[in-house]
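As structure tokens, the structure follows; a few thoughts come after it.
The figures that follow rest on heavy atoms only: side chains count, while hydrogens, waters and symmetry mates do not.
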Amino acid sequence: APARAGGALAARRAGGLAPRPSPRTEKIQPRAWEARRAPGGPISPPTPLANPFPPLLQACGVILALVRAGKVAGRGVLLAGAPGTGKTALAMGMARSLGDGVPFAQLAASEVYSLEMSKTEALTQALRRAVGVKIREESDVVEGEVVELEVDRPPPGAPDTAKTGRVTLKTTDMETVYDLGAKMVDALAAAKATAGDVISIDKGSGRVTVLGRSLARSREYDALGAATKFVATPAGELAKRREVAHAVTLHDIDVVNSRASGFLALFAGDTGEIRPEVREQIDAKVGQWREEGKADVAPGVLFIDEAHMLDAECFSFLGRALESALAPLLVLATNRGVARVKGAEYAAPHGLPPDLLDRLLIVHTRPYTAKETARIVDIRCDEEDVSADGDARALLAKIGSETSLRYALHLITAASHVAARRKAASVGVEDVARAYALFLDARRSAQLLVDHADEFVENEGAAGGGSGGGEGMETG
């Protein structure tokens with residue numbers, strides 16, 4: 001049998017045929033994930049898809065997702081990095097991304113210290129300013145399209161309360177004439193309602209709201225302009241019940257209920273200290289509204305810049321405030337390394353107590369790269385309507401990389417004025433170089449103090465000039 005098998009194989013080869021593999025000896029091709037096996041080593045895991053965003057922006061995206069999902073109570077974030085690495089810009093970008101529906105309160109740590117208000121009261125007001133309450137209520141409204149509006153002017157010498165009028169409103173199903181008193185005539189005049197407008201009248205308060213222009217008047221678009229909003233004529237009955245939502249913050253409710261003129265204090269800004277009993281009553285009432293389905297509580301974001309300026313008492317208060325069920329997301333920013341905690345006798349990372357650091361998610365910011373600096377310079381030039389050629393923008397980006405980004409952005413406006421004085425159409429390299437020579441950055445200023453130490457009063461010598469770096473940057 002082996003001889004016959006060998007003869008058959010030889011005959012196939014002689015005839016130009018490839019040998020037919022046996023099912024038991026056929027080699028199975030390895031799968032793609034097995035092909036990554038190193039000789040004698042384990043299988044390497046699949047390579048993940050590259051994320052186009054840097055880790056810093058990815059971390060901020062996770063924070064925004066937590067805020068939108070409402071899972072922010074008792075959480076805190078620390079933005080730590082060197083000066084000029086975009087910590088405040090990140091916080092402002094988060095505020096823009098959240099929109100108007102989520103409250104965002106900003107506070108500088110130095111604002112806590114005041115002779116008119118205690119530190120804990122200032123922090124409490126900031127925390128409650130970052131917690132939104134959406135109160136829902138039903139109101140009776142009359143909604144329809146204005147067909148005709150007539151106002152009967154009083155005779156000369158008669159009081160203004162003698163004004164009367166009539167308004168004809170219609171829907172797609174009915175049309176009714178309403179008699180107007182003096183208050184409603186004034187309300188319609190203040191709202192600038194005219195025939196063809198779709199309006200809504202609150203029966204309880206008498207407030208008139210113009211919803212837009214009726215679609216039947218869309219032929220008037222060219223005369224009214226692009227800013228005119230067209231809406232459909234309401235259907236059904238003129239009188240209806242509608243749910244109205246009012247968005248306020250806990251601090252707004254505190255101020256209104258803390259004094260007789262609390263509503264006016266919201267505009268004046270003179271809120272003063274609010275008694276804890278008032279806040280306890282308000283929290284109980286808001287909790288009752290939540291159980292009855294009349295209100296929703298939306299914790300927002302409180303951003304505290306220069307967090308290292310807070311003292312141990314403030315840090316202890318913030319740690320306790322994060323345990324509250326109505327606590328917002330706390331975002332702190334600092335540019336300190338290992339520094340002494342204010343009000344304590346020990347040093348800690350970022351100048352914050354270790355027990356508070358354990359409660360925070362720490363996000364480190366990094367200096368901008370040369371490409372990012374150039375992109376920021378381009379955006380800033382466009383925002384300030386400064387026309388600069390490519391070489392001037394490249395020089396500004398170089399200055400920003402070698403000195404600081406803030407200094408380079410300041411030079412944009414200065415260079416534009418220099419170019420305007422010589423009546424140039426755009427900012428050139430010579431304008432940037434002129435502004436660079438007129439205004440010193442921090443490093444050249446420190447070096448100037450070292451070189452001319454004897455000419456200044458109470459100068460401590462060259463102790464603070466070690467980072468001067470010697471010569472200035474060449475701009476040619």
Side-chain angles (χ1 to χ4, degrees), residues 99-101 132-249 251-253 255-257 259-271:
D100 298 332
V133 180
K134 184 177 290 185
I135 304 173
R136 295 187 296 269
E137 63 177 0
E138 289 187 351
S139 59
D140 295 327
V141 298
V142 175
E143 189 174 287
E145 178 186 346
V146 179
V147 178
E148 186 179 7
L149 177 61
E150 298 179 1
V151 177
D152 299 329
R153 299 296 178 184
D160 292 339
T161 56
K163 287 189 299 185
T164 58
R166 291 168 301 278
V167 61
T168 304
L169 298 178
K170 74 170 184 178
T171 65
T172 56
D173 300 329
M174 61 181 300
E175 181 174 324
T176 306
V177 179
Y178 292 93
D179 293 330
L180 304 176
K183 286 187 176 181
M184 286 306 303
V185 170
D186 294 339
L188 287 170
K192 299 180 180 179
T194 58
D197 289 339
V198 177
I199 65 173
S200 175
I201 303 175
D202 191 333
K203 288 185 177 180
S205 62
R207 183 178 59 184
V208 178
T209 304
V210 178
L211 304 179
R213 197 75 175 163
S214 173
L215 284 174
R217 305 295 184 102
S218 59
R219 61 180 181 274
E220 303 173 1
Y221 176 81
D222 294 335
L224 296 174
T228 304
K229 178 183 177 182
F230 289 94
V231 297
T233 302
E237 299 286 336
L238 280 166
K240 58 190 70 175
R241 294 185 65 86
R242 169 166 295 180
E243 186 179 271
V244 182
H246 305 281
V248 295
T249 64
H251 177 67
D252 297 337
I253 304 176
V255 174
V256 171
N257 291 273
R259 58 189 68 187
S261 59
F263 186 74
L264 297 178
L266 285 175
F267 301 96
D270 183 17
T271 59

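Atom CZ of R136 sits in a crowded spot, with more than 12 heavy atoms from other residues, nucleotides or ligands closer than 6.0 Å. In this structure, E237 places its CD atom where only 12 or fewer heavy-atom neighbours from other residues, nucleotides or ligands lie under 6.0 Å away.
Here E150 pairs with R166 under the salt bridge (Lys or Arg N to Asp or Glu O under 4.0 Å) rule; sequence neighbours left out. Every residue two or more places apart in sequence or in another chain that forms a salt bridge (Lys or Arg N to Asp or Glu O under 4.0 Å) with D140 is listed here: R241. Residues passing the side chain to side chain donor-acceptor pair (under 3.5 Å) test with T168: none are found, sequence neighbours excluded.
The CG atom of L169 lies 11.5 Å from the OG1 atom of T233; values are rounded to the nearest 0.5 Å. Rounded to the nearest 0.5 angstrom, E145 CD and L211 CG are separated by 11.5 Å.
When all heavy atoms of G144 and L238 are compared, the closest pair comes out as CA-CD2, 3.9 Å. Heavy-atom minimum distance, I253 versus N257: O-ND2, 2.7 Å. Minimum interatomic distance between K240 and A235 (heavy atoms only, all atoms of both residues): NZ-O, 3.6 Å. Nearest approach of A187 to G206, heavy atoms of both residues: CB-O, 3.9 Å.
Judged by distance alone, the side chain of T171 and the main-chain N or O of G236 form a donor-acceptor pair under 3.5 Å.
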Would you list the atom pairs, donor with acceptor, under 3.5 Å between side chains in residues 188-202 and any protein atom, with sequence neighbours excluded?
residue: T194; atom: OG1; partner: D197; partner atom: OD2; Å: 3.2
residue: T194; atom: OG1; partner: R213; partner atom: NH1; Å: 3.3
residue: D197; atom: OD1; partner: R213; partner atom: NH1; Å: 2.8
residue: D197; atom: OD2; partner: T194; partner atom: N; Å: 2.9
residue: D202; atom: OD1; partner: G204; partner atom: N; Å: 3.0

Distance-only check: which donor-acceptor pairs under 3.5 Å involve side-chain atoms of residues 174-185, not counting sequence neighbours?
none

